[in-house]
Amino acid sequence: MNEYDSELVAGLLEKENYSRTEASDEAHLILLNTCSVREHAEDKVHARLGNLKIHKDRNPDVKIGILGCMAQNLKEDLLKSKPYVDIILGPDSYRRLPELLSPATVLDDNIVDTKLSRMEVYDDLFPARREGINAWISIMRGCDKFCTFCIVPFTRGRERSRSIDSIVEEVHQISAAGFKEVTLLGQNVNSFQHEGRRFHELLAEVSAVAGIERIRYTSPHPQDFDDDLLRIHAENPKVCNHIHFPLQAGSDPVLERMNRTYTRQHFLNLAKKMRDTIPGLSISTDMIVGFPGETEADFQLTLDVMKQVKFDAAFTFKYSSRPGTKASEFEDTIPEAVKQDRLQRMIVLQKEHTLLRNQGHIGEVLEVLVEKNSKKSENQHQGRTRSNKIVIFDKAGEQPGDLVTVEIVDAQGITLFGRIED
Ligand code: SF4
């Protein structure tokens, strides 16, 4: 989402005749687009701002701005501790940038605008993208779910969806620019709703755009997964057979304290239905260990869900308290060593499942979208299956963006190895 927002801001500034530089030494304006979802992300921004202060001391005319969730969430702290920052704009205030940067505007003081909007979806603004294979498109903003561990509803505001017309127009643009794949983005992507039209209807419209071969989306919420969405996965070949399906925890008491609004059984039933309905489906997930009050028995229930679903991939996190959230007030916190131990056990189990799932592809012939050179050899390409698995194979004259047929011959860790078919 932040990558998309950065492209959106770049698009806004390019319209004003700004040009982009990769070298911060050359820049007259440096914007950091920030994330508050975990403490680590914020720490990195503080460190980066420390470096930029040295730059600004040497070049006092350089303007420094902070955008996004940290701007929204930590403005007071930033104003106090980083007075050399010129502009602080929350996620709904990017339209103000051209006005604030205009020579007519005198930035005597720090400019702060973190007002959240119930309407802003940047429907008429299109991002400045670099060339590539996959383009991100934001289809909605904000979130109404209020999971107790999550800062997003406070930093990004209430849920609102873009119009289908504007999204489809953007998909036509990326197709004309040569992109083959689109990933639709939202904090809670499957609760998309615009003028009574729902997410599966949007997928159908996007899939009608010529030139787009694959459609992905992230992240859905288990509560909002309906049969219409499963059906379009099964019936529409452009909608990829990969679902990111965030579990977070596998114990009902923990899910309840997280305010996730589903039970472990609901999650398990849906995962089974997905695998039964969608051929060759891969499922990835997010999981948090060490949420306040999580007992060893609760943790074992999470491992049990993992054993039943055998996720293809997982993003695993130690719980990190976010000031301002409800969970940050929970007192029964888990010691760091216990969190670390649980995370380690979870990672070991997930590695087993990833390998098992990937080994299941050996001998299959899969369609692969060529993305780039493999990191290890210029003589090999890296591509991706519809089910979102990375495949490495020897080059045979194909180019990035081509769809090729590859026989899978090996699986190691998260990677498949294949042989291109004639
Ligand atoms: S659904 Fe996702 S974005 Fe919304 S509150 Fe929960 S974790 Fe945060």
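This is a predicted model, so every value here is computed, not measured. Atoms within a ligand are numbered from 1 in the order they appear, just like the ligands themselves.
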If we only look closer than 2.8 Å, how many protein N, O or S atoms does atom 4 (Fe) of ligand 1 have near it? 1
So, does Arg260 sit close enough to ligand 1 that a heavy atom of it is under 4.0 Å from the ligand? yes
Is the closest side-chain donor-acceptor distance between Gln412 and Asp410 under 3.5 Å? yes
Looking only at heavy atoms, the pair that brings Tyr94 and Leu89 closest together is CE2-O, 4.1 Å
Is Asp86 close to Leu100 at the side-chain level, that is, under 4.5 Å between some pair of heavy atoms? no
Can you spot which of Arg384, Lys238, Arg214 makes a salt bridge (Lys or Arg N to Asp or Glu O under 4.0 Å) with Glu367? Arg214
Kindly check if the number of other-residue, nucleotide or ligand heavy atoms within 6.0 Å of CG (Leu356) is above 12? yes
When you check the gap from the basic side-chain N to the acidic O, do Arg160 and Asp92 get nearer than 4.0 Å? yes
